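Accompanying notes for the structure given below.
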Amino acid sequence: MVANKDKKAFQLIKGMKDIMPADQKYWQHVRNIINKLAHQFNYQRIDTPIAEATKLFSRSVGDQTDIVEKEMYSFKDRGDNNISLRPEMTAGVVRAYIEHGMVNLPQPVKLFYLGPCFRYDKPQSGRQRQFWQVGWEAIGEGSPILDAQIINLGYKFFKDLSLNVVVQINSLGCQECRPVYYEVLLDFLKGKKNSLCDDCKRRVNKKPLRVLDCKEENCQEITADAPQQVDHLCDDCRDHFVATLEYLDELEIVYNLNPKIVRGLDYYNRTCFEYTSQDNEGTKLNALGGGGRYDGLVEELGGRPTPAVGLAIGLERTVRELRHQDVKVPDVEGYDIFVAQLGKEARKKCLNLYENLLANDVRVAESFTKDGLKPQLELADKLAVKYTLILGQKEMIDGTILVRDMEGGIQEVVDFNKVIPEIKKRLKTRLVEETPVQ
Ligand code: AMP
């Protein structure tokens, strides 16, 4: 057998993170807001598998995008099928929409999701290889009011979290007007190719749009006065974009027309947008979330032509922003009562008392592995409970229990058989006293 000291402790896979107990109050707060918004806006939760056929992503996200080309966790399963861990969740949701015949439901079908995604990208601040996304998808309608409503949903998400964000918005046009714009853009980039970064040199012919959102300062300068898609929209796309902006004005949403928002996934058309923290200026943005219209995706994946619009937000970046902007979030629910015991027999009796308190919906804590009263009272203090119930040898003999008010330290002897109603009465009185008069 290998000696313990020779065994190397296992470590996290690079780019993946544990979400530790100290962070959970942020995550819980974010999840609460997600659920509240889903209910308010009538979105139903859908959970799709973490793994899907690789083809689903090459078809939807696009096989020449960075995500599919370099960032997917792909493997063959034991049945020789090509499988990938999802790099995003819209593709799976659209697959489910088609597979479960949701086209027959009243449209738009409004779905939301929450779960981990995987991208084998270079880990750095705000970029992990496993990260969580929440997303909302409205499938089945092409009206610009849905674009505005979905942008509003994400805006509300950040507002409810007390985070100040700006919506960066652009239009990517459609199959009619985008090729025309590509020609103009290629013309502009042609003479500048040698001055671009290596990535952009490759992108120019394959994905000229991506040159616009390159984060390299030099590339940004070169493309600062590049022609813009919004100046080359067809009439339908222009009307759609203008109507979307008018609805946003109506909703008093702060947005910034930003021609450099092009999104990295192939399926987007018309409206596309990102949310950036108000602290981040200019185009060197670390987007908190983004989305747009994807009117061709359902058909591309085998369904009927069906317009759709959606949005996804990264939860790690959201939690980081909550910490960065020093937002106070509610503590995870606390405890009102602590059960402390002294001696073997008392511990047994307390085990039962504890179960009874739980059954009476009392928020109760314990530390049955501790023997002395001091460490138990210290923990009770740390948990900020209102009362500690102490059962020692004397109380065991008398059939009583001590009720210690943790605020003043006053202890009273109470009949053991009456302690639960007594505690409930006291907690109720405290609640009334502590609730501010409106
Ligand atoms: P995307 O659709 O790629 O823009 O992703 C939507 C959101 O997911 C981003 O705005 C981020 O908040 C989050 N996100 C995307 N990729 C990562 C990553 N590698 N690590 C952490 N968060 C990410």
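Order of appearance sets the numbers: ligands from 1, and atoms from 1 within every ligand. Predicted model only: the values in this text are computed from it and were never measured.
Between F41 and F112, the distance separating the two ring centers is not shorter than 6.0 angstrom. In this structure, F75 has its ring center no closer than 6.0 Å to that of Y73.
Under 4.0 Å from ligand 1, not a single heavy atom of T318 appears.
Which parts of ligand 1 touch G126 is read off a 4.0 Å heavy-atom cut-off, strictly below it: atoms 20 (N), 21 (C), 22 (N). Residue A287 approaches ligand 1 through these ligand atoms, each under 4.0 Å from one of its heavy atoms: 9 (C), 10 (O), 11 (C), 12 (O).
Between R202 and E69 there is no salt bridge, since no side-chain N of the basic residue sits under 4.0 Å from a carboxylate O of the acidic one. Under 4.0 Å is where a charged nitrogen must lie from a carboxylate oxygen, and between D326 and K328 at least one such pair does. Taking 4.0 Å as the cut-off between side-chain N and carboxylate O, D213 and R210 count as a salt-bridged pair. Between E378 and K374 a salt bridge is recorded (basic side-chain N to carboxylate O distance below 4.0 Å). Ion pairing between R430 and D405 holds under the 4.0 Å rule for side-chain N and carboxylate O. With respect to the salt-bridge test (charged N to carboxylate O, under 4.0 angstrom), the residues D361 and K424 do not qualify.
Comparing F131, Y120, Y275 by heavy-atom distance to atom 14 (N) of ligand 1, the nearest is F131.
Considering backbone and side-chain atoms alike, R263 places an N or O below 3.5 Å from some N or O of ligand 1. An N or O contact shorter than 3.5 Å links L288 to ligand 1 by distance. For ligand 1, the polar-atom distance check against R119 finds a nitrogen or oxygen pair separated by under 3.5 Å. Residue I313 has no nitrogen or oxygen atom sitting less than 3.5 Å from a nitrogen or oxygen atom of ligand 1, judged on distance alone. At least one N or O atom of G289 sits closer than 3.5 Å to an N or O atom of ligand 1.
Atom 13 (C) of ligand 1 has as its closest protein heavy atom G314 CA, 3.5 Å. Considering only non-hydrogen protein atoms, atom 6 (C) of ligand 1 sits nearest to Q133 NE2, 3.3 Å. For atom 11 (C) of ligand 1, the closest non-hydrogen atom on the protein side is R317 NH1, 3.4 Å.
Using 4.0 Å as the threshold, R127 has a heavy atom nearer than that to some atom of ligand 1. The closest approach between Q128 and ligand 1 falls below 4.0 Å for a heavy atom of the residue.
The aromatic rings of F158 and Y275 are tilted relative to each other, their planes meeting at an angle between 30° and 60°.
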